[in-house]
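Note on naming: letters A, B, ... go to the chains in the order of the sequence lines (proteins, then strands), and numbering restarts at 1 for each one. These values consider heavy atoms only, across backbone and side chains, with no hydrogens, waters or symmetry-generated copies.
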Amino acid sequence: MADEWKPQILGIICNWCSYAGADLAGSARTQYPPDIRIVRVMCTGRVDPLFILKAFTDGADGVLVSGCHFGDCHYLEGNYKGAKRMFMVKSLLRNIGLEDKRLRMTFVSASEGAKWAKVVEDVVKTVTELGPNPLKELTR
Amino acid sequence: MAEKKTKKETAPKKKETAKAAAPAKAAAPAVKAPEKEKKESRVGVFICHCGTNIAGSVDITDVQEYAKTLPNVAFADNYQYMCSTPGQSKIIDAIKEHNLTGIVVAACSPRLHEPTFRTATKEGGLNPFRFEMANIREQGSWVHMHDREGATEKAKDAIRIAVAKASLLQDLIPKSVPVEHAAMVVGAGIAGMQAALDLANAGIKTYLIEKNPTIGGRMSQLDKTFPTLDCSQCILTPKMVDVGRNPNIELMTCAEVENVEGYIGNFDVTIRKKARGVLSMAEAEEKGIVGGGCNGCGDCEVVCPVIKPNPFEMGMKPRKAIYIYHPQVVPLIYHIDWDSCIKCNLCVEACADKKAIDLEMQDELVKVKVGTAILATGYDIFPVEKKDEWGYKKYENVVTSLEFERLICASGPTGGHLVRPSDGATPKKVAFLLCAGSRDSTGIGHPYCSRFCCMYSLKHAHQIIEKIPGAQPYLFYMDIRSFGKMYEEFYYRIQDEGAKFMRGRVSNVLEDPVTKNLIINAEDTLLNRPISLEVDMVVLAAAVEPAAETDKTRKLFGVSRSMDGWLLEAHPKLNPCGTTTAGVFLAGVCQGPKDIPDTVASAEGAASAASIPIHMGEVELEPYFAQCIEEKCAGCGMCVNLCPYGALALVEKDGRKVMEVTEAKCKGCGTCGGFCPGGAIWMQHFATPQIIAQIDAFLLGGAK
């Protein structure tokens with residue numbers, strides 16, 4: 001089991017920048033590890049802290065929230081608000097004893113396919129090093 | 001805990017939503033009966049091979065068998081190309097045959113084919129918003145090409161997540177809004193002028209906004225144009241005059257976009273008309289000054305005591321504090337450079353009865369409403385002094401190609417006689433350094449090719465051979481890129497005329513302190529030997545980069561940029577003039593380096609695209625609006641301040657305050673929905689229960 005273990009990572013990404021960036025990585029055939037599953041939202045401002053907490057209680061080993069660069073948000077400032085919330089969730093995670101590194105917020109534009117691949121690689125690496133989400137044992 | 005909270009959340013006010021949208025003409029098909037009696041979800045899953053694009057890395061049969069085991073899946077099928085007509089027919093037929101309530105297509109990105117499959121869903125008799133896409137190509141098979149197992153597992157999960165959402169999707173009715181019969185073009189170089197003329201000639205009122213005091217842009221600074229050697233001004237000025245007198249074009253020079261609000265069809269744009277200091281004849285008439293206003297006589301310029309360098313002439317010709325760029329400006333109105341004006345009042349006295357000059361003039365804010373907008377903000381020259389090995393701004397006889405254009409131009413500071421800046425002598429040996437800041441991976445210049453420098457440098461070589469007897473041009477190049485119509489032929493012609501080509505990047509340029517001649521050190525990579533060459537003058541074919549104000553303007557219009565700073569098109573091949581902001585288009589070099597023919601073509605494309613919604617008269621907005629679940633709303637009003645568009649307000653209902661959404665203002669970002677502490681905001685198509693269902697489907701599995 002131990003060597004078989006692959007992290008389950010949820011990516012909640014915005015339609016305009018990061019999702020388009022991820023598509024670009026595809027068109028360019030930039031290879032990256034397959035250990036992430038994507039839920040598309042229109043803006044990272046849509047990301048309710050509830051989504052992150054739900055993912056972790058469901059047993060996600062890591063969550064990646066990715067949006068537009070600051071100043072580039074399709075909706076002017078949704079990414080600022082999303083990012084602020086992520087800081088709040090990170091401190092919540094620390095308070096309940098979960099490594100806050102399991103949650104990552106990044107900014108990948110529609111033209112940064114290569115960056116998207118790097119981000120996923122990096123998140124998979126970080127989460128793999130942290131090991132399985134300890135909540136999984138408690139909730140199942 | 002979180003789960004409990006979301007389960008309680010029921011789909012709110014479906015009826016009301018539909019009612020609210022109903023008056024606006026809805027292009028919805030026979031919408032299924034409102035789901036009062038909660039109908040069982042029956043989802044159809046269609047898996048696309050995309051030839052071998054998907055099937056090459058994903059086990060389609062395995063995925064299809066798996067899809068059949070998922071809750072709510074009533075039918076699963078696969079096809080070679082789901083986007084083809086037979087592929088779409090499969091969806092249409094299956095909806096009827098299997099009484100489906102939701103559709104999932106596992107194929108490419110929704111950014112590519114969501115509209116296609118929504119149409120098919122609609123043709124099958126379902127509301128088009130009961131469709132969800134699982135991206136198993138761009139974010140599946142293409143990025144895990146050599147990991148069949150990983151890609152297959154990811155595809156299964158993506159379908160499970162999509163099915164979970166499709167099971168909860170609701171009927172939505174897009175709102176149609178009228179489109180203002182007017183357009184805006186920002187930037188009046190050749191791209192903006194062409195776009196504005198096309199729009200105006202198609203009967204559309206067009207506001208043409210230019211930050212400089214005259215239209216014409218970079219092209220008006222050029223002497224000749226390659227490969228035909230047309231005089232730039234000769235082909236440009238008739239167009240400038242056309243722009244100036246077209247009744248459908250409202251030209252605003254010395255103007256900048258200050259603010260943009262609204263959405264496609266209804267952009268409210270605030271323009272800052274900068275104080276010009278001089279009234280046009282029309283403005284004077286408005287003020288009751290009969291027969292007054294600037295007629296371009298230039299009496300003011302004669303008396304002005306201030307002398308400064310003219311930016312149009314790259315600083316190589318003097319001008320006054322009150323001046324025009326060049327004699328052919330449109331509109332022919334003088335303007336004041338406030339930084340150098342000393343308010344001595346001499347010009348006001350010289351202008352006399354025309355009373356055109358107002359030294360106390362203030363900026364003015366003008367608001368206009370337009371249906372669509374085109375950005376044509378153009379380019380600036382890369383500050384090539386950053387590459388200090390070539391000595392620009394250090395050695396007098398090193399100039400940029402744009403300075404060379406002015407020096408060789410008959411209307412330029414030297415009357416078309418090419419001279420060395422150091423001593424006014426006619427140069428005989430002139431070196432042209434190509435890719436000066438282009439194709440540069442050092443981090444100082446730009447990695448891209450600026451695309452037109454090879455060709456204008458060939459033209460420059462031709463011009464000195466033609467104008468200066470015995471002159472010898474040397475071109476230091478990496479590759480000569482002569483890809484356009486008649487360009488390669490032009491390259492051969494210049495070779496035949498005697499220009500010398502040296503393939504190699506110049507490592508440095510040094511100056512002889514006495515003669516001010518320049519010594520070029522390079523490597524001839526064809527002959528594999530170092531070169532040291534003394535020349536009279538060096539011309540740097542400097543790279544181009546987005547104009548300085550581009551970033552500010554693009555943010556106002558919500559347009560993204562590419563990694564290199566040029567504005568990002570909606571699709572590099574199939575939608576090069578569109579952007580991801582509906583109703584905003586790109587023309588010319590602001591999207592990426594282009595020569596004049598390509599710029600004009602792109603401008604005509606943008607004008608055509610921008611005129612479509614205007615001629616249609618109305619556009620459909622995606623109905624991803626926020627809705628308030630009133631029984632949950634505590635009236636705290638936190639969401640009101642979060643909304644970047646002012647779409648939310650607190651209103652009094654049944655004796656308490658609740659939030660209300662103005663749908664036309666809401667763009668559906670969901671920033672309010674992501675925050676509401678009471679879970680009282682229902683984001684249509686991205687509702688909390690739908691997203692939670694996706695998360696649960698991923699992590700908790702979904703076997704029947």
Spatial distance of atom SG (C676(B)) from atom CG (L50(A)) [nearest 0.5 Å]:
11.5 Å
Heavy-atom contact with chain B under 4.5 Å, split by part of R29(A)
both
Whether the side chain of Q31(A) engages the backbone of M145(B) through a donor-acceptor N/O pair (distance < 3.5 Å, no angle test) should be reported.
yes
Quick check: does any side chain N or O of R37(A) sit under 3.5 Å from a backbone N or O of D157(B), one acting as donor and the other as acceptor?
no
Just so I understand: if I count every heavy-atom pair under 4.5 Å between each of K81(A), R85(A), M42(A) and chain B, which residue has the most?
R85(A)
Could you tell me whether the side chain of N135(B) reaches within less than 4.5 Å of the side chain of Y19(A), counting heavy atoms only?
yes
Measuring heavy-atom distances to chain A, does I695(B) have an atom under 4.5 Å in its side chain, in its backbone, in both, or in neither?
both
Which atoms of I52(A) approach chain B - backbone, side chain, both or neither, heavy atom under 4.5 Å:
neither
Regarding E153(B) and K6(A), does a basic nitrogen lie under 4.0 Å from an acidic carboxylate oxygen?
no
Rounded to the nearest 0.5 Å, what separation is found between the CG atom of L10(A) and the CD1 atom of I161(B)?
7.5 Å
Please determine whether the number of non-hydrogen atoms from other residues, nucleotides or ligands lying under 6.0 Å from atom CZ of F87(A) exceeds 12.
no
In terms of heavy-atom pairs under 4.5 Å with chain B, the winner among A20(A), G82(A), C17(A) is A20(A)
So which residue, R561(B), K154(B), E138(B), ends up with the most heavy-atom pairs under 4.5 Å with chain A?
K154(B)
If I take atom CZ from residue R40(A) and atom CD from residue Q694(B), how far apart are they, to the nearest 0.5 angstrom?
9.5 Å
Which atoms of V41(A) come close to chain B, meaning under 4.5 Å heavy atom to heavy atom: side chain ones, backbone ones, both, or neither?
both
Identify which of G673(B), C672(B), G558(B) forms the greatest number of heavy-atom pairs closer than 4.5 Å to chain A.
G673(B)
Greatest number of heavy atom pairs closer than 4.5 Å to chain B - which of C73(A), G71(A), P49(A), G113(A)
G71(A)
Rounded to the nearest 0.5 Å, the SG atom of C43(A) sits from the NZ atom of K667(B) at a distance of 12.0 Å
Answer whether the closest heavy-atom distance between the side chains of Y645(B) and L76(A) falls below 4.5 Å.
yes
Shortest non-hydrogen separation from L568(B) to A110(A) and the atoms involved
CD2-CB, 3.5 Å
Please report the closest heavy-atom contact between V143(B) and T30(A), naming both atoms and the distance.
CG1-O, 3.2 Å
Check whether more than 12 heavy atoms from other residues, nucleotides or ligands sit under 6.0 Å from atom NZ of K552(B), and answer yes or no.
yes
So which residue, I36(A), L24(A), T44(A), I12(A), ends up with the most heavy-atom pairs under 4.5 Å with chain B?
I36(A)
Judged by atom type as modelled, is there a donor-acceptor pair below 3.5 Å linking the side chain of T671(B) to the main-chain atoms of G78(A)?
no
Against chain A, label N53(B) side chain, backbone, both or neither, depending on which of its atoms sit under 4.5 Å from a heavy atom there.
side chain
Under 4.5 Å, counting heavy-atom pairs only, tell me which of P110(B), A158(B), A134(B) racks up the most with chain A.
P110(B)
For L642(B) against E77(A), the heavy-atom pair lying closest together:
O-OE2, 4.4 Å
Side chain to side chain donor-acceptor pair (under 3.5 Å) contacts in which one or both residues fall within residues 65-75 of chain A, not counting sequence neighbours:
W16(A)-Y75(A), S18(A)-S66(A), S66(A)-T106(A), H69(A)-E112(A), D72(A)-R554(B)
Keeping H144(B) on the side-chain end and Y32(A) on the backbone end, is there a donor-acceptor pair under 3.5 Å?
yes
With side chains defined as the heavy atoms from C-beta onward, is the minimum distance between F686(B) and R46(A) less than 4.5 Å?
yes
Go through I692(B) and F51(A) one step at a time and tell me if the side chain to side chain contact (heavy atoms under 4.5 Å, CB included) criterion holds.
CA-CA 7 Å; I692(B) 294 286; F51(A) 300 165; 3.8 Å; yes
Answer yes or no: is there a donor N or O on one side and an acceptor on the other, between the side chain of R111(B) and the main chain of N15(A), under 3.5 Å?
yes
Over all atoms of both residues, closest heavy-atom pair of A22(A) and Q139(B):
CB-NE2, 3.5 Å
